[in-house]
Amino acid sequence: MAYRIYLAILLSTVAFTVFSQETSVPAPPDYKRIEAGTLNLSSKYYYPHLFKRYIEGDSTLNLDDYRHLYYGFVFDDRYKPLEQTPYADSIALTLQQNIDPRGISPELYASLERQLCGALEDEPFNMSYLNLMTYISQMKGDLERAGQYSRKLNMVKSAITSSGTGLSKDSPWHVLYRSDESDMLNSLGARSTRRMYVTFDVEYFHLPVKNNGHRGYYFNNGMIYSKGAKKESPSKPRFEFNPKYNPRSSKQLRNINY
């Protein structure tokens with residue numbers, strides 16, 4: 001998508017949020033525990049109440065709350081990881097109209113905001129959309145709103161990084177969408193041109209150039225395929241071309257201070 005060009009630089013500036021006391025070390029999501037908490041009306045994690053606080057930009061939500069928000073979305077009827085929001089194409093087409101090499105043209109803000117709001121109703125934790133809303137709000141001078149979206153983006157990212165180290169097949173980062181994999185890599189300033197499945201659920205992204213001393217990162221995307229798709233288990237690891245790799249990404253928006 002065209003908007004990926006803008007994400008590599010914007011997301012790479014987002015710092016990791018320190019783990020909260022509730023989740024002091026990386027641990028995979030306990031979906032049974034999360035489901036029990038988010039469906040229990042008397043629980044502080046009851047999903048309708050927790051999600052309402054998220055939408056309102058409640059800054060008191062901590063990492064444990066975000067782990068229940070992000071991974072608890074699996075049990076929401078809106079979670080359809082194999083379907084793309086109808087707004088995705090509109091967002092890409094709008095960004096294709098951009099003629100400003102330094103960033104997004106201000107005349108596109110209104111259309112993008114409308115489309116992004118619709119997209120976030122379908123995929124409320126999509127880091128690409130949160131990032132674009134942060135950028136637009138900041139450029140419009142609405143710093144309070146930009147701060148809310150920025151915090152959401154940071155905390156979603158932290159929820160994912162709290163699920164593992166990302167450095168081995170036994171401690172992968174657990175994601176709910178394939179786009180989360182590319183967004184996480186973009187946020188680290190890492191580009192993968194090859195990837196392979198090392199287990200049925202765990203995918204390894206190999207980096208041609210080391211990132212923070214690491215040659216690659218592991219993601220568990222098994223939840224995506226547990227929602228109905230069938231995927232053959234490979235007999236041995238196999239590398240695949242990454243269609244989301246964009247060699248021009250690092251050359252875009254270099255003059256923007258974000």
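Just the heavy atoms: all of them, side chains too, but no hydrogens, waters or symmetry mates, feed the values below. All values derive from a computational prediction rather than experimental measurement.
Looking at R151 and S59, their side chains never bring a donor and an acceptor atom within 3.5 Å of each other. A donor-acceptor contact closer than 3.5 angstrom is absent between the side chains of T199 and D201. For the residue pair N211/Y217, the side-chain donor-acceptor check at 3.5 Å is satisfied. Residues Y129 and D122 have side chains that never bring a donor and an acceptor to within less than 3.5 angstrom of each other. Side chains of R145 and T134: no donor on one and acceptor on the other come within 3.5 Å.
One finds the CZ atom of R191 at 13.0 Å from the OG atom of S182 (value rounded to the nearest 0.5 Å). The CD atom of E107 lies 8.0 Å from the CG atom of D100; values are rounded to the nearest 0.5 Å. Taking CE of M139 as the reference point, atom OG of S105 lies at 10.0 Å (rounded to 0.5 Å). To the nearest 0.5 Å, atom OH of residue Y87 and atom CD of residue E121 are 6.5 Å apart. Here the straight-line distance linking atom OG of S137 with atom CD of E113 works out to 6.0 Å at 0.5 Å rounding. Atom CG of L207 is separated from atom CZ of R194 by 10.0 Å, given to the nearest 0.5 angstrom.
Using a 4.5 Å heavy-atom cutoff, the side chains of I160 and M127 are in contact. In this structure, V198 and E203 have side chains that are not in contact, with every pair of non-hydrogen atoms separated by 4.5 Å or more. You'll find the side chain of M133 reaches within 4.5 Å of the side chain of C117, heavy atoms only. Put simply, the side chain of F75 reaches to within 4.5 Å of the side chain of Y31, judged on heavy atoms. A 4.5 Å side-chain heavy-atom check between L176 and P81 finds every atom pair outside the cut-off. The shortest side-chain heavy-atom distance between S128 and N131 does not fall under the 4.5 Å cut-off. You'll find the side chain of V175 stays beyond 4.5 Å of the side chain of Y71, heavy atoms only. No side-chain heavy atom of N220 sits under 4.5 Å from any side-chain heavy atom of P28.
Side chain of T94 to main chain of S90: a donor-acceptor pair is present (N/O by atom type, distance under 3.5 Å, no hydrogens or angles). Listed for the D30 side chain is a donor-acceptor partner under 3.5 Å among the backbone atoms of R33. Without hydrogens or angle criteria, T85 side chain to A88 main chain gives no donor-acceptor distance under 3.5 Å. In terms of modelled atom types and a separation under 3.5 Å, the side chain of H214 and the main chain of K210 share no donor-acceptor contact. For the pair S158 (side chain) and M155 (backbone), a donor-acceptor distance under 3.5 Å is absent. Distance alone, capped at 3.5 Å, places no donor-acceptor pair between the Y66 side chain and the N154 backbone. No donor-acceptor pair closer than 3.5 Å links the side chain of Y149 to the backbone N or O of Q138. For the pair T38 (side chain) and Y47 (backbone), a donor-acceptor distance under 3.5 Å is absent. Side chain of N221 to main chain of Y177: no donor-acceptor pair is present (N/O by atom type, distance under 3.5 Å, no hydrogens or angles).
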Trace of the side chain to side chain contact (heavy atoms under 4.5 Å, CB included) decision for D58 with D65
CA-CA 11 Å; D58 189 340; D65 295 326; over 6 Å; no
Show the numbers, then the answer: is there a side chain to side chain contact (heavy atoms under 4.5 Å, CB included) between L82 and I224?
CA-CA 7 Å; L82 302 175; I224 297 172; 3.6 Å; yes
Given the rule in the side chain to side chain contact (heavy atoms under 4.5 Å, CB included) test, do Y197 and V202 qualify, once you have shown the distances and angles that lead to the verdict?
CA-CA 6 Å; Y197 277 99; V202 177; over 6 Å; no
Can you check side chain to side chain contact (heavy atoms under 4.5 Å, CB included) on I104 and L132, steps first, answer last?
CA-CA 10 Å; I104 302 173; L132 281 170; 3.8 Å; yes
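No close placement of the W173 and Y218 rings is indicated, their centers lying 6.0 Å or farther apart. Residues Y54 and F125 bring their aromatic ring centres within 6.0 Å.
Between L41 and Y46, the shortest heavy-atom contact is CD1-CE2, 3.3 Å. Closest non-hydrogen pair, L50 versus K44, comes out as CD1-O, 4.0 Å. Contact detail for L185 and S192: the closest heavy-atom pair is CD1-CB, 4.1 Å. Residue S162 comes nearest to R67 through the heavy atom pair OG-NH1, 2.8 Å, listed as atom of the first residue, atom of the second, then distance. Here the closest heavy-atom approach between residue N62 and residue D64 is recorded as OD1-N, 3.1 Å.
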Determine all donor-acceptor pairs shorter than 3.5 Å in which one atom belongs to a side chain in residues 165-172; sequence neighbours excluded.
unit_1 : atom_1 : unit_2 : atom_2 : d
T165   : OG1    : L167   : N      : 3.2
T165   : OG1    : S171   : O      : 3.4
T165   : OG1    : S171   : OG     : 3.3
S168   : OG     : D170   : N      : 3.4
S168   : OG     : S171   : N      : 3.2
S171   : OG     : T165   : N      : 2.8

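Remark: R178 engages E181 in a salt bridge, criterion side-chain N to carboxylate O under 4.0 Å. By the 4.0 Å N-to-carboxylate-O rule, K140 lies too far from D142 to be salt-bridged with it.
Between H206 and Y204, the angle of the ring planes lies from 30° to 60°, which puts this pair in the tilted group. The aromatic rings of F205 and F219 lie perpendicular to each other, with more than 60° between the two planes, well past the 30° mark.
Both cation-pi conditions hold for R78 and F51: the charged atom is under 6.0 angstrom from the six-membered ring centre and inside a 45 degree cone around its axis.
If you chain together hydrophobic residues whose side chains sit under 4.5 Å apart, L39 and F73 never meet in one group.
L130 pairs with exactly one of D183, L116, L153 by the side chain to side chain contact (heavy atoms under 4.5 Å, CB included) rule, that one being L153.
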